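Note that the structure is predicted; figures quoted are calculated from it, not measured.
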Amino acid sequence: VLHRPLPEVPATLQLPAPVALRSDRPHSYTTLNDLFNAPAVYALKHLAALQPTALLAAEEGNRLLGVLAHRVFEEFFKQADALTLPDEAARAWLARTLGPLLEAEGAVLLMQGAGVSQQRFRIVCERALCALLAHLREAGATRVETEVELQGQFAGEPFKGTVDLLVHLPDGHCVALDAKWSGLNRHRKLLQEGAHLQLALYWSLIGEQANRQPPKALGYFILDAAALLLTHPHVFPRASVHAPPEGPGTASLLQQARETWAWRTGQLRQGLLDVVPPDPDDSHAGPPGTLPVKGPQRYDTDHTVLLGGWE
């Protein structure tokens, strides 16, 4: 049998016609992230709407754990007295709530072989909830909104986003927090390097809403580390502050995002789709003023294999 190697993955796909953006739904951080960092994957996921089959597994990854933890926080802060509950009462609420929640939305953690994962999930949620409540009490938070849906504009296009936690402070300002199951070092680095695009987009969206000011600070709450990371000091006394580099900060990051949008959508109008590998080198960088190109995400393998895959 004649051996023929698989064709090499092309650096760019030239299509016979311009690629049209979808007009039936607003853009989101997820779609922008894919377009900016892996246009060919973006086309498969969001234009061709190719999605992998969802399979149940006893040992689920961080994505399921994060979704379930978001639901815990959402249900907890629906209580009118959530901010005044002592830790003992919060733990008791959690013990009552987790069983029904897992039965309804996290059944894979109840499967045989998932006992260790389930117990870790319970421990992490308890520790994270009590740590967050301590931060909120010290800041004098008056209210916490969860899963706040926002509509606005980005680069003249409809844009939507959902803020995990919007914390209201006594001075009338707010703080926007994105809750992540894990990734303490990675998200600390995003703040230090001024690369927190998702938070910057939410900052912009909140500022567009009637009767709202842009957040006083932005940050991540890392659940498995029970750690609060913020962009600005003097908001939460014991938060870990990682200020972006000197300069315009969030506004500069948003301008870079608009330049990147112009570059990538210009390519689409020419029928060009960059096929960006994981950990791309400088040859995949955009014009000056655009964001760094990071390549596809680690859970995009179902789509990258359609492009030839990478070892």
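Closest approach of V167 to F236, counting heavy atoms only: CG1-CZ, 4.0 Å.
Of the possible donor and acceptor atoms, one in the side chain of N37 sits under 3.5 Å from a partner among the backbone N and O of K294. Counting only distance, with no hydrogens or angles, the side chain of T31 and the backbone of H27 share no donor-acceptor pair below 3.5 Å. Remark: the backbone N or O of H168 is not paired with any side-chain donor or acceptor of E145 at under 3.5 angstrom. With T12 contributing its side chain and L273 its backbone, the two residues share no donor-acceptor pair below 3.5 Å.
A salt bridge between E75 and R71 is present, with a side-chain N of the basic residue lying under 4.0 Å from a carboxylate O of the acidic one. Using a 4.0 Å cut-off between a side-chain N of Lys or Arg and a carboxylate O of Asp or Glu, K45 and D302 do not qualify as a salt bridge. K216 and D171 are joined by a salt bridge, as a carboxylate oxygen and a charged side-chain nitrogen come within less than 4.0 angstrom of each other. The existence of a salt bridge linking D300 and R298 is excluded, since no basic side-chain nitrogen approaches an acidic carboxylate oxygen closer than 4.0 Å. Between E149 and K160 no salt bridge is recorded (no basic side-chain N to carboxylate O distance below 4.0 Å). Salt bridge present: R264 and D274 bring a charged side-chain N and a carboxylate O closer than 4.0 Å.
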Check step by step if salt bridge (charged side-chain N to carboxylate O under 4.0 Å, His left out) holds for R127 and D87.
CA-CA 10 Å; R127 181 168 171 247; D87 286 355; over 6 Å; no

Could you go through D178 and L199, starting from their C-alpha distance and side-chain angles, then the distance that decides it, and tell me whether this counts as side chain to side chain contact (heavy atoms under 4.5 Å, CB included)?
CA-CA 7 Å; D178 194 32; L199 291 175; 3.8 Å; yes

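Residues satisfying the salt bridge (charged side-chain N to carboxylate O under 4.0 Å, His left out) criterion with R258, sequence neighbours excluded, are absent altogether.
Taking the six-membered ring wherever Trp is involved, the centroid distance between the rings of W181 and F221 does not fall below 6.0 Å.
Using cut-offs of 30° and 60° for the angle between ring planes, the F36 and W261 rings count as perpendicular.
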